[in-house]
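Written below as structure tokens is the structure these notes are about.
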Amino acid sequence: MTTTGEARARAERYEPRAFEPKWQARWDELRLHDTNLDDTSRPRFYLLTMYPYPSGALHIGHWYIVTPTDAIARYRRMHGDNVFLPIGFDAFGLPAENAAIKNRINPRDWTETNMENMRRQFRSMGATFAWENEVVTCDPEYYRWNQWMFTKFLENGLAYRSVSPVDWCPNDGTLAREQVEGADRHCWRCGAKVEKRELPQWYLRITDYADELLNFDGIDWPEPIRIMQTNWIGRSAGAEVVFATAPSAHHAGGEELRVFTTRPDTLFGATFMVLAPEHPLVASLTSPDRQTEVEAYVAAATVKSEIDRLSADREKTGVYTGGDAINPVTGERIPIYVADYVLGGYGTGAIMAVPAHDERDFAFAQKYGLPIRRVIMAHGGDPDEPLTQAFVDKAADHAPNGPGPRGPLGGIETLLEARAAVGELVLVNSGQYSGVPAATAWDHIVDTLAEDGKASHAVTYRLRDWLISRQRYWGTPIPVIHCEDDGPVPVPEGDLPVLLPDTVDYRGSGDNPLNHDEAFLAVDCPRCGKPARRETDTMDTFIDSSWYWFRYLSPHNEEGPVDPTLVEQWTPVDQYTGGAEHAVMHLLYSRFFTKAMRDLGLVDQSEPFRRLFNQGQILGADGERMSKSRGNVVDPDDLVARYGADTIRLFLMFMGPWDQGGPWSPTGIGGVSKFLGRVWSIATDPHGHEASDPQSGHLPAGESEADARDRMRTAAHRTLRDVTVDYEGFRWNTMVAKLMELSNVLWRYRGTSVAGLPEWDEAVRLLLLMLAPAAPHITEEIWSRLLEGRGEAWTSIHGQRWPSVDESAAAEATREVPIQVNGKLRDKVTVAMGISQLELEQIVLSRDKVVVAIGDAQVGRIIHAGGGKLVNIVLKA
RNA sequence: GGCGAAGUGGCGGAACGGCAGACGCGGCGGUCUCAAACACCGCUUCCCGCAAGGGAGUGUGGGUUCGAAUCCCACCUUCGCUACCA
């Protein structure tokens with residue numbers, strides 16, 4: 001049998017379109033992937049991948065996330081695990097609402113249409129999702145439990161309402177802190193400039209869990225993610241010190257002005273104070289002659305954040321309020337400034353400025369001619385030596401509170417350690433503390449002031465409470481009723497869910513249509529029965545994604561948000577996969593929710609995801625993020641139509657390390673397609689050969705049949721050994737490469753006398769099994785043909801057990817030993833595996849090339865590296 | 001400015017103390033074909049050489065080691081996140 005020209009036309013070629021849809025339908029029909037959650041006879045494997053937003057169509061980035069995840073699922077099934085791989089849709093959110101405004105259609109219809117298309121596309125991947133457990137977050141069956149949990153949070157003091165300045169985008173309404181991006185403070189979604197607005201808002205007390213969230217014990221997460229979360233939480237241990245305002249012509253004085261500092265040891269160097277523009281005491285401290293100037297500055301500061309960050313000069317600005325304060329240790333009168341380099345939302349919104357030891361304060365003091373007093377220096381130095389820049393001692397920088405590495409991953413673990421490190425630094429110009437080591441003074445000053453209630457140890461965090469209010473329609477209505485007499489009252493459990501009305505008036509502006517829906521708004525107060533108004537804010541969609549994996553276990557459960565038995569049996573999630581762009585927000589919120597739900601008695605655990613893998617992002621061919629507006633979106637449907645799903649799956653895995661991502665380039669896709677074509681030919685037409693190649697059909701010169709049989713067996717089992725490790729570590733690119741190598745070996749033997757021998761058949765079988773999780777259709781098709789050819793009944797290849805390595809087959813009889821002389825490669829020699837070092841040395845030293853390389857020199861040591869992997873002859877100098 | 005990640009052929013990448021460039025793309029040459037496409041075979045880090053062979057080489061400069069792409073120090077570049085956190 002030959003394979004060329006007409007003959008090739010006759011031989012059946014790899015034609016994925018001919019069978020991929022058939023198998024997808026078959027797997028669905030047999031319900032191969034709906035998981036029996038009650039089956040406890042097998043080890044469970046809860047595999048979760050981040051559910052998509054129903055934007056309308058999958059792009060290649062979705063395939064990049066889902067395809068390897070599906071391979072993990074299939075691989076675990078081959079190990080006998082009861083795998084649960086659910087999917088759903090993150091179906092609330094702005095794009096639906098924007099589309100609604102634009103096209104005057106209902107967001108629900110838009111969303112439903114999109115989901116239907118995406119479900120079809122998911123099927124075309126051959127992904128084995130448990131569709132029976134699908135969760136759609138815009139379904140009342142789901143969001144009612146958001147509401148239910150919100151009322152529980154309220155009862156337990158975890159939710160509260162507060163009027164505060166919020167970031168406001170003219171298009172998208174309120175934004176979370178994290179949703180404001182970049183130096184110019186633009187909206188993460190639409191890019192518009194962000195303003196500030198005062199609004200009553202609902203918050204969740206995530207900061208109550210700040211310390212617990214810093215602890216990653218018992219979860220296997222990538223270190224960069226842990227570091228990012230740790231830095232995001234930003235725990236800072238220091239002290240709060242109370243300054244008193246000084247009496248003046250316009251001001252009685254004696255008011256408390258609290259500051260947060262990590263350096264109370266520098267208190268004697270505090271020569272002025274700075275308040276954030278938002279600080280509540282700004283107005284009362286301002287003297288009449290300064291009022292105009294201060295008010296103008298404060299007004300400018302609220303807008304400023306948008307405008308001036310781009311202007312490269314980050315020069316500090318501020319104005320004197322005309323008010324003064326008393327330094328509690330020196331008794332000095334020091335001026336109080338307002339400056340926007342102090343943040344209203346951090347610490348107390350006020351600082352004591354120590355220009356000698358803080359770069360920002362130094363710059364400010366220089367600009368406004370304020371005194372700079374050195375209070376810390378190396379022992380024995382001259383305390384009056386003028387400073388040309390702030391003296392910030394490095395060791396203190398590495399304290400957990402400093403700007404350097406901090407927290408559990410930051411090197412120096414505790415303040416004590418940090419203080420020990422600054423032991424050689426002493427206070428100067430600090431009254432009774434002069435000459436005292438800075439480390440000692442730190443505590444002493446705080447403790448002494450604490451006796452008079454003037455200071456206390458304090459911890460602050462960068463992390464703020466989670467603002468969940470959105471002035472938007474397409475989200476979970478916050479279940480609260482505002483009554484004139486009773487204030488905000490939670491909707492009673494029996495009245496849940498508060499349904500989102502389906503027919504609303506889209507005004508085309510950013511304003512929430514719920515504000516104008518009288519049928520929705522009008523309600524009686526559950527407490528007093530008087531007419532009241534419903535809350536119109538809806539919840540941040542990150543609420544939806546903060547517990548959805550629990551709901552997958554019992555998506556239709558009407559008794560509660562979760563089924564405690566299934567939760568206990570199936571969670572925490574064994575493996576979570578998703579994009580690294582969610583490193584902080586979604587993953588931190590999910591951890592918080594899990595802990596909060598635990599404290600409400602809903603779940604029995606503290607961490608949601610035991611193991612996390614963050615894959616990289618596929619960018620457009622231009623290296624930019626894929627987006628419709630950039631026009632660089634790659635449509636997988638076209639690719640599937642051309643190459644078939646298996647080729648696309650495999651190509652995405654072959655591109656490079658999974659956590660790396662990178663720009664999309666279809667170059668090379670043909671190589672993967674060719675590989676599958678060869679697998680096809682090897683398995684379905686083992687005796688065919690290429691007539692255009694005179695060598696084809698003959699064993700390589702000098703190779704016996706026995707050699708070839710050995711080589712096939714060895715190659716197959718070594719590949720199995722290595723590929724198994726790659727599967728475990730999600731190293732898809734090398735996994736594919738190794739399967740290509742094995743196929744190259746078999747390709748060479750195709751049509752020769754060893755094709756079809758038991759070793760051949762075994763190698764082919766192993767190749768198919770190893771390829772099955774990654775390329776499920778072609779392997780299933782070939783598998784069924786092989787069974788049919790042997791007259792056996794059909795069973796799915798995906799129900800087979802992962803093969804085990806025959807170590808004796810994987811072992812080789814000989815090995816090639818590279819020979820170095822003085823670390824330079826000079827020769828190689830093939831020797832028997834069991835050879836002794838002495839024998840090896842004799843052979844090595846007798847090699848011509850080695851003798852030449854040694855020349856007249858004397859042989860010194862001979863190094864046998866890596867258990868005989870390499871020999872290095874070291875010459876005497 | 002801070003934090004994180006990464007710099008290896010023309011390209012994606014492999015190797016992560018022991019043969020640098022696995023596997024694939026692209027390129028070049030060839031077989032098949034009237035021809036093209038497909039398919040197949042061979043070569044392909046750079047420099048010198050007809051070859052045998054030799055030399056250089058993993059962002060740059062140092063260091064540790066018998067041996068460094070890999071470990072350590074300094075620097076440069078790119079990407080991501082963050083933006084004065086007291």
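Numbers restart at 1 for each chain; the letters A, B, ... are given by sequence-line order, proteins then strands.
Closest to the side chain of Thr262(A), out of rA86(B), rC19(B), rA14(B), is rA86(B). Nearest nucleotide to the side chain of Ile351(A), out of rC3(B), rA86(B), rC23(B): rA86(B). Checking rA22(B), rG24(B), rG13(B) against every side-chain atom of Phe654(A), the shortest atom distance belongs to rG24(B). Distance from the side chain of Arg13(A) is smallest to rC38(B) among rC85(B), rA56(B), rC38(B). In the set rC85(B), rG24(B), rC19(B), the nucleotide with an atom closest to the side chain of Lys828(A) is rC19(B).
The 5' end of RNA chain B is approached more closely, in terms of each residue's nearest nucleotide, by Thr667(A) than by the other of Thr667(A) and Asp361(A). Nucleotides of RNA chain B nearest to Val736(A) and Met655(A) differ in position, and the one nearer the 5' end is that of Met655(A).
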Between the protein and nucleotides 64-68 of chain B, which nitrogen or oxygen pairs come in under 3.5 angstrom?
residue : atom : partner   : partner atom : Å
rC66(B) : O2   : Asn872(A) : ND2          : 2.5

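The residue Arg731(A) sits apart from the nucleic acid: no heavy atom pair falls under 4.0 Å. Across all strands shown, Trp664(A) has no heavy atoms under 4.0 Å from either base or sugar-phosphate atoms. Nucleic acid contact for Arg678(A): sugar-phosphate only, since backbone atoms but no base atoms lie under 4.0 Å from a heavy atom of the residue. Lys738(A) comes within 4.0 angstrom of nothing in the nucleic acid, heavy atoms only. Residue Val342(A) is in base contact, counting any heavy-atom pair closer than 4.0 Å across all strands shown. Counting non-hydrogen atoms under 4.0 angstrom, Asp659(A) reaches nothing in the nucleic acid.
In this structure, Arg226(A) forms no cation-pi arrangement with Trp221(A), as its terminal cationic atom is not both closer than 6.0 Å to the ring centre and no more than 45° off the ring axis.
For the C1' atoms, the distance linking rU64(B) with rG10(B) amounts to 35 Å, nearest Å. For the C1' atom pair drawn from rC16(B) and rA6(B), the interatomic distance equals 14 Å after rounding to whole Å.
With a glycosidic angle further than 90° from 0, rG67(B) counts as anti.
With respect to the salt-bridge test (charged N to carboxylate O, under 4.0 angstrom), the residues Asp685(A) and Arg750(A) qualify. A salt bridge is absent between Lys738(A) and Asp722(A): the closest approach of a Lys/Arg side-chain nitrogen to an acidic carboxylate oxygen does not fall below 4.0 angstrom.
As a whole-Å value, the separation of Gln617(A) CD from rC79(B) C1' is 12 Å.
A donor-acceptor contact shorter than 3.5 Å is absent between the side chain of His279(A) and the backbone of Ala350(A). Here the side chain of Thr714(A) pairs no donor or acceptor atom with the backbone of Arg711(A) at under 3.5 angstrom.
The aromatic rings of Trp732(A) and Trp658(A) stand perpendicular to each other, their planes meeting at an angle above 60°, with 30° marking the opposite boundary.
Atom CG of Leu771(A) sits about 6.0 Å away from atom CG of Leu676(A), to the nearest 0.5 Å.
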